[in-house]
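First listed ligand is number 1; within each ligand, the first listed atom is number 1. Note that these values count all heavy atoms, side chains included, but never hydrogens, waters or copies made by symmetry.
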Amino acid sequence: MSEKKAKVADNIQHIVSLCKRRGFIFPGSEIYDGLANTWDYGPYGVELKKNIKDLWWRHFVTTRPDVVGLDSSILLNPQTWVASGHVGNFSDPLVDCLACHERFRADQLLEEKLGEGCCAGKNFDEIHQMMVDNKIECPSCRKPTEWTKPRSFNLMFKTRIGVVEDSGAEVYLRPETAQGIFLDFKSVAENCRQKVPFGIGQIGKSFRNEITPGNFIFRTREFEQMELEFFCKPGTEMEWFAYWKKYCMDWLYGLGIDPAKLRMRDHDPKELSHYSNGTSDVEYEFPFGWGELWGIASRTDFDLKAHQTHSKKDLTYRDALTNERYIPYVVEPSLGVDRLLLVALCDAYEEQELEGGDVRTVLHFSPKLAPVKVAVLPLSKKEPLTAAAGDLYRTFLAHGIAAEYDETQSIGRRYRRQDELGTPWCVTVDFDTVGEGEKPEQKGMVTVRERDSMKQELVPIDSVVARIAELLAK
Ligand code: ATP
């Protein structure tokens with residue numbers, strides 16, 4: 001069969017329905033009619049997510065002599081968020097459509113029409129005027145509408161610690177993992193004998209009460225982040241900023257993400273946050289348009305300085321060679337796990353029209369991302385095929401290779417199912433394998449089918465595990 005026509009995901013709904021159908025991602029709380037914009041990762045989604053996190057951790061933490069890991073608390077002393085500016089500034093301009101009363105982020109509505117960064121440095125009155133001057137339409141009722149004036153909406157979720165219902169016990173669910181790293185900077189530097197320049201990496205959940213969540217798992221209120229805070233000597237931060245931008249982009253290329261769908265967008269100086277002297281976003285072209293995947297920011301000494309002031313603890317670093325004391329500057333690459341997972345899905349998705357009009361949907365995951373590496377399929381549900389295939393399946397598992405065994409339905413349908421899961425290889429055990437077929441010379445041989453080319457190859461059953469392990473190690 002040869003491929004006639006290929007169609008990549010041009011509609012996020014194709015991805016959403018494949019994810020539900022194949023057990024990657026389900027709508028949250030479904031038996032109670034759901035909870036809007038919450039998603040549960042099913043058996044294949046959780047493996048895909050774990051692969052993404054493991055690959056990031058290995059590349060950004062384990063294999064680097066200058067980076068260590070951390071797992072800080074989600075609940076931090078509330079002073080943390082006062083010092084970091086989140087209590088005062090982590091808010092979006094909320095506007096209501098006066099016709100249908102739907103709520104939106106004014107900056108997002110304006111950016112869609114006027115381009116990224118158009119609201120930078122503007123106060124709420126100016127933003128309101130821009131909405132009026134540009135006749136911003138309501139995305140919900142589509143009427144040329146009137147809007148309320150923007151109001152500040154803080155994105156942090158509040159909760160309480162303990163049984164006393166007073167404000168003293170109020171805490172926030174962290175909106176980013178980074179602040180936990182800043183709080184532990186001194187402990188890590190001193191107790192783990194880290195010398196600047198060095199980094200601390202962390203993976204964990206973050207929470208933001210987003211005004212307009214949506215586009216599947218692109219923007220949710222509960223999500224995971226993989227963040228690295230890289231501490232360096234003041235004056236060297238621009239070199240490190242350029243270094244990490246390239247390091248991040250190269251890693252994405254290495255995962256097999258299409259370079260034509262990736263771009264680096266450098267923020268205009270007018271757009272920069274007050275604490276940053278350089279910010280760039282890695283963007284991906286999703287089915288709904290270009291969107292931020294990874295924020296890379298040079299954050300100066302803003303965070304450590306702010307925590308030093310608020311905590312009244314010395315957070316300076318002493319260079320053992322020069323005896324110089326300073327507050328390190330920080331470069332932060334901050335990436336959403338769920339966003340990268342969505343990129344992996346969108347990038348891998350393809351509907352292929354095959355000769356004869358048959359359509360196959362396939363996820364072209366790179367083998368290191370694929371949730372299932374190999375499927376073992378007996379050609380028929382009969383002994384001794386199932387016993388031989390079962391043994392082979394268990395051998396794959398014993399070698400730590402994520403394998404799946406499937407004996408139901410026709411072999412063609414089983415291949416299609418594995419294509420939709422993105423499984424790179426299927427190994428078929430047939431009557432020849434067990435010496436009961438018409439080709440005695442193929443006794444002890446299994447067929448390995450490669451997902452993308454659909455090419456099939458005979459391999460001795462005794463060496464197929466080593467063969468797949470070798471392909472995976474590439
Ligand atoms: P946006 O402008 O899209 O709201 P941001 O600039 O506030 O994002 P950062 O604070 O830089 O985002 O967060 C770093 C990364 O965390 C983002 O690049 C993204 O991958 C991820 N992220 C942020 N908010 C969300 C969210 N609500 N849902 C899923 N991932 C998110």
Inset, instruction - Using non-hydrogen atoms of the residue, decide whether E176 is closer than 4.0 angstrom to ligand 1. - result: no
Which of the numbered atoms in ligand 1 are under 4.0 angstrom from any heavy atom belonging to [X]?
X: E210; result: 24 (N), 26 (C), 27 (N)
X: F218; result: 28 (N), 29 (C), 30 (N)
X: G295; result: 18 (O)
X: S334; result: 13 (O), 14 (C), 15 (C), 18 (O)
X: T220; result: 26 (C), 27 (N), 28 (N)
X: L293; result: 18 (O), 19 (C), 20 (O)

Inset, instruction - Between R339 and ligand 1, find which residue part has any heavy-atom pair under 4.0 Å and reply side chain, backbone, both or neither. - result: side chain
Inset, instruction - Report the part of R221 (side chain from C-beta onward, or backbone N, CA, C, O) that has a heavy atom under 4.0 Å from ligand 1; answer both or neither where that applies. - result: neither
Legend entry - R58/D54 salt bridge by N-O under 4.0 Å criterion: no
Legend entry - Per atom 10 (O) of ligand 1, closest listed option by heavy atom (Q108, E222, E111, R208): R208
Inset, instruction - Report yes if G336 has an N/O atom closer than 3.5 Å to an N/O atom of ligand 1; otherwise report no. - result: yes
Legend entry - I217 N/O to ligand 1 N/O under 3.5 Å: no
Hey, do the aromatic rings of [X] and [Y] have their centres closer than 6.0 Å?
X: Y284; Y: W294; result: no
X: W240; Y: F230; result: yes
X: H274; Y: F302; result: yes

Inset, instruction - Considering heavy atoms of the protein only, find what lies nearest to atom 17 (C) of ligand 1 and give residue, atom and distance to 0.1 Å. - result: E292 OE2, 3.4 Å
Inset, instruction - Scan L228, V67, L55 and name whichever one has a side-chain contact (heavy atoms from CB on, under 4.5 Å) with F60. - result: L228
Inset, instruction - Would you mind reporting whether Y317 and F231 have side-chain heavy atoms less than 4.5 Å apart? - result: no
Inset, instruction - With side chain to side chain donor-acceptor pair (under 3.5 Å) as the test, would you mind laying out the steps for E351 and Y349 before giving the verdict? - result: CA-CA 7 Å; E351 284 170 29; Y349 185 96; 2.7 Å; yes
